[in-house]
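One is the number of the first residue; the rest follow in order along the sequence.
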Amino acid sequence: MSEAKRLQQIRHNLERRARVYHFACVFLRGRGFLEVTTPVRVAELAPEAFITPVASEDRWLITSPELHMKRLLAAGYERIFQISRCFRKGEKGRLHNPEFDLLEWYRANAGYGEVIHDTEELIVSIADALGTGTNIIYQGQKINLRPPWPKINVREAFLRYAGWDPTANFDQQRFDTDMATLVQPKLPTEHPTVLTEYPAQAASLSRLKPGNSAVAERAEVFIGGLELANAYSELNNAAEQRRRFESEIAHIEREQGIKMPMPERFLSAVGGMPLSGGIALGLERLVMLFCNTRFINEITAFTEDNI
């Protein structure tokens, strides 16, 4: 198929994509969130062992706008959001492109429960604006988007579907494999599902749950088999965050041979950040949901394969 023919065939999806982006911004602005812009090419990133960044001369292309948005929270901004172009090396496939859009928003004096509630309302609002209603079909699955969405903690999900408790005996490789092959495919698809209380080792920028340091206040939203959004009650203890980053940096250097810098500007600010909730939502995947498409290139004009 010629490029022109392919682009003509996906025009309806691209038009719907533009509307989803627009309605997301309208929703957040209407709830008092300030739209901000932060750098895409930066001197420091959050070191994350299982995300490979893209170098740009002596800088990095962002994997997320998180660090700069939290610096705004520390400066007194209470509700902020942005749609940011992000880059992650090697992430390519049916659901991935190395260059993609994240919708992130943060609320001061809140936690991950509040931003999950925002997400429920956001997606219902977009569905109403698009005229789909809250009962949609994605890849043959009937999905009721009406909140509140069922929530299950990771320990219960893994015991039920994988037969072990990752919060008691964490193994990163086994956790990632079983999440992808055993747990996620068995989550209910008739409604969105929220997985909560991830193992502490799987949430390097999240607060630990009070009274249970084995788990973190992290949650992920799954709809129709799509991993859609990742929410945190944000860690604001600079000393603890430094310790976690040191561990991540050592792992990255050992496994990838990359020496990541310590994000000192972020660490100098994060101790002044109020208790906050934040979430990153993959906009391309949300568009896939509302366009009923299986492949990211069906809602993207140009991907890694045709640029």
At what distance, to the nearest 0.5 angstrom, does [atom1] of [X] lie from [atom2] of [Y]?
X: E104; Y: L283; atom1: CD; atom2: CG; answer: 10.5 Å
X: E114; Y: I279; atom1: CD; atom2: CD1; answer: 11.5 Å
X: L187; Y: I223; atom1: CG; atom2: CD1; answer: 12.0 Å
X: S233; Y: R218; atom1: OG; atom2: CZ; answer: 12.5 Å
X: Q241; Y: S206; atom1: CD; atom2: OG; answer: 9.5 Å
X: M260; Y: F245; atom1: CE; atom2: CZ; answer: 10.0 Å

Grab the two heavy atoms, one from [X] and one from [Y], that are nearest each other, plus how far apart they are.
X: C25; Y: E35; value: SG-OE2, 4.3 Å
X: L95; Y: R294; value: CD2-O, 4.2 Å
X: A231; Y: V115; value: CB-CG2, 3.9 Å
X: T63; Y: L102; value: O-CD1, 4.0 Å
X: N109; Y: P274; value: OD1-CB, 4.2 Å
X: L208; Y: S213; value: CD1-O, 3.7 Å

Item to complete: Test side-chain contact (heavy atoms from CB on, under 4.5 Å) on V20 and R16 and set out the steps.
Response: CA-CA 6 Å; V20 168; R16 175 158 285 198; 4.3 Å; yes
Whether [X] side chain and [Y] backbone form a donor-acceptor pair below 3.5 Å:
X: S84; Y: C86; result: no
X: W149; Y: L145; result: yes
X: S2; Y: K5; result: yes
X: N230; Y: A280; result: no
X: R79; Y: R31; result: yes
X: Q141; Y: E190; result: no
X: Q184; Y: G225; result: yes
X: E253; Y: E248; result: no
X: T181; Y: T177; result: yes

May I ask you to test the [X]-[Y] pair for a side-chain heavy-atom distance under 4.5 Å?
X: H191; Y: P150; value: yes
X: V42; Y: L67; value: no
X: N135; Y: K142; value: no
X: R207; Y: Y232; value: no
X: D305; Y: N297; value: no
X: I143; Y: P192; value: yes
X: N97; Y: E91; value: no
X: Y138; Y: L226; value: yes

Check this for me, if you would: do [X] and [Y] make a salt bridge, where the nitrogen-to-carboxylate-oxygen distance has to be below 4.0 angstrom?
X: K92; Y: E304; value: no
X: E156; Y: R160; value: no
X: R243; Y: E240; value: yes
X: K151; Y: E120; value: yes
X: D101; Y: R17; value: yes
X: E197; Y: R155; value: no
X: E99; Y: R85; value: yes
X: R242; Y: E264; value: yes
X: E15; Y: R19; value: no
X: D58; Y: R41; value: yes

Discussion item. For H251 together with F50, are the ring centres under 6.0 Å from each other?
Written reply: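 Yes, they do, as the ring centres are separated by less than 6.0 Å.
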Fill in: Test applied, side-chain contact (heavy atoms from CB on, under 4.5 Å); reference residue, T132; option that passes from I136, T134, D128
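Of the listed residues I136, T134, D128, the side-chain contact (heavy atoms from CB on, under 4.5 Å) partner of T132 is I136.
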Count I, L, V, M, F, W, Y as connected when their side-chain heavy atoms are under 4.5 Å apart, and connections chain through other members. Are [X] and [Y] then in the same cluster?
X: F27; Y: Y106; result: no
X: I10; Y: F290; result: no
X: I116; Y: I80; result: no
X: L228; Y: V154; result: no
X: L281; Y: I83; result: yes

Worksheet item: According to the interplanar angle, ranging from 0 to 90°, do the rings of F175 and F170 count as parallel (below 30°), tilted (30 to 60°) or perpendicular (above 60°)?
Response: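 Correct class here is tilted.
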Worksheet item: Honestly, is R174 close enough over W164, meaning NZ or CZ under 6.0 Å from the six-membered ring centre and within 45° of the axis?
Response: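 Yes.
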For [X], look at atom [atom1] and say whether over 12 heavy atoms of other residues, nucleotides or ligands are found less than 6.0 Å away.
X: E78; atom1: CD; result: no
X: R254; atom1: CZ; result: yes
X: Y77; atom1: OH; result: no
X: E255; atom1: CD; result: yes

Worksheet item: After noting the C-alpha distance and the side-chain angles of F33 and R107, does the key distance pass the side-chain contact (heavy atoms from CB on, under 4.5 Å) rule?
Response: CA-CA 8 Å; F33 287 82; R107 295 177 55 165; 3.4 Å; yes
Worksheet item: In terms of side-chain heavy atoms, does N306 have a donor or acceptor partner in E3 at a distance below 3.5 Å?
Response: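 No, E3 and N306 have no side-chain donor paired with an acceptor closer than 3.5 Å.
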Worksheet entry | Residue pair E284 / T300, side-chain donor-acceptor N/O under 3.5 Å |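 No, because no side-chain N or O of E284 sits under 3.5 Å from a partner of the opposite role on T300.
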Item to complete: With side-chain contact (heavy atoms from CB on, under 4.5 Å) as the test, would you mind laying out the steps for I152 and T196 before giving the verdict?
Response: CA-CA 6 Å; I152 178 173; T196 66; over 6 Å; no
Worksheet entry | Pair W105-D118, side-chain contact (heavy atoms from CB on, under 4.5 Å): steps then yes or no | CA-CA 10 Å; W105 68 94; D118 290 340; 3.1 Å; yes
Item to complete: With side chain to side chain donor-acceptor pair (under 3.5 Å) as the test, would you mind laying out the steps for Q139 and N292 before giving the verdict?
Response: CA-CA 6 Å; Q139 298 299 292; N292 191 20; 3.1 Å; yes
